Protein chains: 2
Amino acid sequence: MTKPRSRRGGGRPTIADVARKAGVGAITVSRALREPERVSEDLRRQIQAAVDELGYLPDPNARALASARAEVFGVLVPSLTNSVFAEVLRGIYDSLSDSSYRIQLGNTHYSGLEEERLLQVFGPQRPAALIVAGIDQTPISRRLLETAGCPVVQVMETGPDPVDMMVGFSHFDGGKAATEHMIEMGYRRIGFIGARMDPRSQRRLAGYRAAMEAAGLFDARLVTTTPVPSSVTLGRELFRDALAKVPTLDAVFCNNDDIALGVLFECHRASIAVPKTIGITGFNDLDMMEVAFPSVTSVRTPRYEIGRRSVAMALAAIAGRRPQEPVVDLGFELKRRESTAR
Amino acid sequence: MTKPRSRRGGGRPTIADVARKAGVGAITVSRALREPERVSEDLRRQIQAAVDELGYLPDPNARALASARAEVFGVLVPSLTNSVFAEVLRGIYDSLSDSSYRIQLGNTHYSGLEEERLLQVFGPQRPAALIVAGIDQTPISRRLLETAGCPVVQVMETGPDPVDMMVGFSHFDGGKAATEHMIEMGYRRIGFIGARMDPRSQRRLAGYRAAMEAAGLFDARLVTTTPVPSSVTLGRELFRDALAKVPTLDAVFCNNDDIALGVLFECHRASIAVPKTIGITGFNDLDMMEVAFPSVTSVRTPRYEIGRRSVAMALAAIAGRRPQEPVVDLGFELKRRESTAR
DNA sequence: GAGGCGGACGGTAGCGCTACCATGACGTAG
DNA sequence: CTACGTCATGGTAGCGCTACCGTCCGCCTC
């Protein structure tokens with residue numbers, strides 16, 4: 001009684017098996033699974049029983065080929081270890097965990113070329129949606145996104161010219177707000193310390209600069225940056241450099257919290273009083289900033305929410321309900337803490 | 001001169017277009033792309049020219065359907081924000097970035113049920129390999145892995161009974177080594193502080209307990225754990241609890257570095273001398289532990305290397321070269337630092 | 001010179017599903 | 001009573017690729 005099985009297909013039940021068992025056409029099974037409301041109650045039950053009995057699971061590859069659409073979200077982030085993106089991802093995953101969408105994750109390593117390559121890999125499989133970090137795609141990447149034939153959400157930042165949709169906040173404003181806060185607290189020789197210096201960091205720097213210039217405090221020597229990837233270790237080193245360069249430094253705006261933590265530790269180690277001698281402000285407001293001693297002022301960014309919202313928008317677009325406003329600014333919040341409270 | 005285009009396929013060139021243009025059969029194009037050595041030099045060049053001219057990209061969905069094998073690595077991790085897994089992922093990505101494999105990432109949220117669900121989603125698409133974190137799969141998950149029909153690598157830990165292959169290290173030994181070190185440094189009332197308490201944490205705790213018992217120092221009141229997800233904030237709180245419970249505490253072995261950092265900050269805040277009054281040891285050795293003040297002793301785990309090695313093993317298995325030894329123990333290294341140097 | 005053999009290439013037939021269109025039953029309008 | 005729309009269901013024909021097997025040709029062997 002062994003059914004003759006196809007040479008390739010490992011012997012898993014197919015939609016035809018289900019149809020035979022349920023006494024209906026294959027199409028009706030397909031419909032019952034995808035658009036149950038279009039199949040009568042009776043048949044639906046019959047089909048469900050056959051599905052359960054056989055343990056049928058639709059083949060996603062066959063489905064993708066036939067419908068020219070894969071149930072896949074393509075997600076492109078520049079880094080996996082940067083906890084900022086980890087939280088965006090968490091938001092994306094949490095929003096998609098009830099659905100049957102799979103998530104294909106690409107790591108661009110902050111490289112436009114890598115991004116192009118990954119889009120070239122993602123494109124041909126016709127994903128249901130694409131979520132990409134950043135708004136500074138290369139012209140080639142941009143064209144690939146525009147011709148992807150699916151909803152595209154650019155995340156982390158907002159800007160004037162979305163490929164399709166955007167969810168993020170203004171890094172310029174965030175940098176500006178942080179700097180203004182320090183000026184307000186009486187700091188004058190406020191340094192900027194930044195690593196990696198990707199486009200978003202650049203905009204935070206621009207915000208810093210704008211605030212400093214507005215207060216007549218800007219001085220190019222206050223800015224210390226490096227293209228090297230960010231780390232706590234690097235924060236410590238850059239702070240030392242900055243201090244060597246400008247011994248009168250009385251505060252630092254750190255490009256991100258890792259850097260800020262490095263600065264804080266170095267202050268401890270060198271017995272520099274925080275916030276009295278040096279004020280510190282970070283960016284992103286990781287969990288630990290509140291717990292640190294002294295607690296560290298930081299700009300809270302809506303990372304998790306960006307992930308959630310990007311999926312919500314993509315899902316809406318897939319369902320044909322495009323949002324009125326394609327660009328969503330989720331804002332940020334300056335968390336004032338001990339490290340700048342002098 | 002508009003070619004009649006198929007109703008569904010959006011107009012992208014297919015293998016037939018390439019074959020026509022190159023004046024060969026479709027099969028030969030397919031072969032030229034996948035097994036170039038089986039096609040003559042001449043035709044290969046001709047076909048490559050046609051591919052370039054048309055901008056042909058093979059359809060991965062059609063490929064997967066026809067060959068019953070998708071060029072996809074399925075990866076299952078319990079958390080996206082835990083930087084330990086982020087580094088494993090980085091290793092995986094770096095090892096796969098030159099290949100045409102795509103990576104489908106699933107987040108199990110430390111839940112066996114979620115893992116089962118994700119395996120059920122990954123399986124039908126016939127991935128090229130599966131990499132899963134942990135060795136404590138549910139029976140259902142285990143069967144799904146065994147019947148996946150592709151190489152499977154369990155990562156993070158080693159154990160006696162691999163589904164297929166394993167790469168990791170002994171968490172028990174890590175916990176034991178950390179504890180022994182503290183005993184050696186003269187600490188006696190050594191607490192264990194742990195959050196989440198997933199199976200790997202449990203084994204670290206078991207290692208701690210074994211070392212404490214061997215020294216005649218074990219006391220159940222020294223152990224403070226919670227199922228709540230780990231965070232720096234939580235480290236601080238648990239440390240307070242532990243101290244309230246056992247005021248004579250003179251050291252803590254922290255389940256992970258986040259917890260350790262929370263403890264360190266709380267010591268600063270409460271003016272508790274480290275390492276004099278309290279010794280601290282973490283687990284994983286994140287970048288920041290070395291920079292912290294005082295620098296924190298921790299067990300360095302080969303996270304990135306685990307990622308790399310797991311891919312290497314999977315790739316070898318795909319190529320038919322199964323490793324002699326299916327279980328690879330990458331070990332760990334105890335980093336002795338200021339936080340336990342009294 | 002016949003037969004055998006291996007290497008290069010191609011044709012056919014799917015892989016398992018869904019888009020598209022057809023069919024038939026039924027209800028409603030004129 | 002006919003015409004026509006609507007709804008539930010089914011049949012056919014692919015989606016774009018590759019497994020399988022066959023053909024052809026050149027070369028070697030005896």
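Chain A is the first sequence line, chain B the second, and so forth, proteins listed ahead of strands; every chain is numbered from 1. Remember, predicted model here, so these are calculated numbers, not experimental data.
At least one side-chain heavy atom of A:Arg322 sits less than 4.5 Å from a side-chain heavy atom of A:Pro151. Side-chain contact check for A:Gln104 versus A:Val121: every heavy-atom pair is 4.5 Å or farther apart. With contacts defined as side-chain heavy-atom distances shorter than 4.5 Å, the pair B:Val152/B:Ile131 does not qualify.
Between the side chains of A:Thr81 and B:Glu87, no donor-acceptor pair is found at a separation under 3.5 Å.
The separation between B:Arg126 atom CZ and C:dC15 atom C1' is 9 Å, rounded to whole Å. The separation between A:Arg38 atom CZ and C:dA19 atom P is 10 Å, rounded to whole Å. The interatomic distance linking A:Asp42 (CG) with D:dC7 (C1') rounds to 15 Å, in whole Å. A:Arg63 places its CZ atom 8 Å from the P atom of C:dC17, with the value rounded to the nearest Å. Atom-to-atom, CD1 of B:Ile47 to P of C:dA8 comes out at 13 Å; the value is rounded to the nearest Å. Put simply, CZ on A:Arg44 is 9 Å from P on D:dT9, counting in whole angstrom units. A:Ile27 has its CD1 atom 8 Å from the C1' atom of C:dC17, to the nearest Å. The CG-C1' distance, from B:Asp59 to C:dC15, rounds to 13 Å in whole Å.
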Can you check side-chain hydrogen bond (donor to acceptor under 3.5 Å, both in side chains) on A:Thr147 and A:Arg143, steps first, answer last? CA-CA 6 Å; A:Thr147 59; A:Arg143 206 174 41 70; 4.8 Å; no
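Considering only the side chain of A:Val39, D:dT9 comes nearest among D:dT9, D:dC17, C:dC17. Of the candidate nucleotides C:dG16, C:dC9, D:dC17, C:dC9 has the atom nearest to the side chain of B:Leu43. The side chain of B:Thr28 lies closest to C:dC9 when the candidates are C:dC9, C:dT18, D:dC17. Looking at the side chain of A:Tyr56, the nearest of the listed nucleotides C:dC17, D:dA19, D:dT9 is C:dC17. Counting only heavy atoms from C-beta on, A:Ala66 has its side chain closest to D:dG14 among D:dC17, C:dC9, D:dG14.
At most 12 non-hydrogen atoms from other residues, nucleotides or ligands lie less than 6.0 angstrom from CD1 of B:Ile140. Applying the 6.0 Å contact sphere to CZ of A:Arg309 captures no more than 12 heavy atoms from other residues, nucleotides or ligands.
Comparing B:Ala16 and A:Gly23 by the nucleotide of DNA chain D whose heavy atom lies nearest to each, the residue mapping closer to the 5' end is A:Gly23. Heavy-atom distances to DNA chain C give each of B:Ala62 and B:Gly25 a nearest nucleotide, and the one nearer the 5′ end belongs to B:Gly25.
The stretch residues 30-37 of chain B comes close to DNA chain D through B:Ser30, B:Arg34, each having a heavy atom under 4.0 Å from the strand.
Not one side-chain nitrogen or oxygen of B:Ser40 sits closer than 4.0 Å to the OP1 or OP2 atom of C:dA8.
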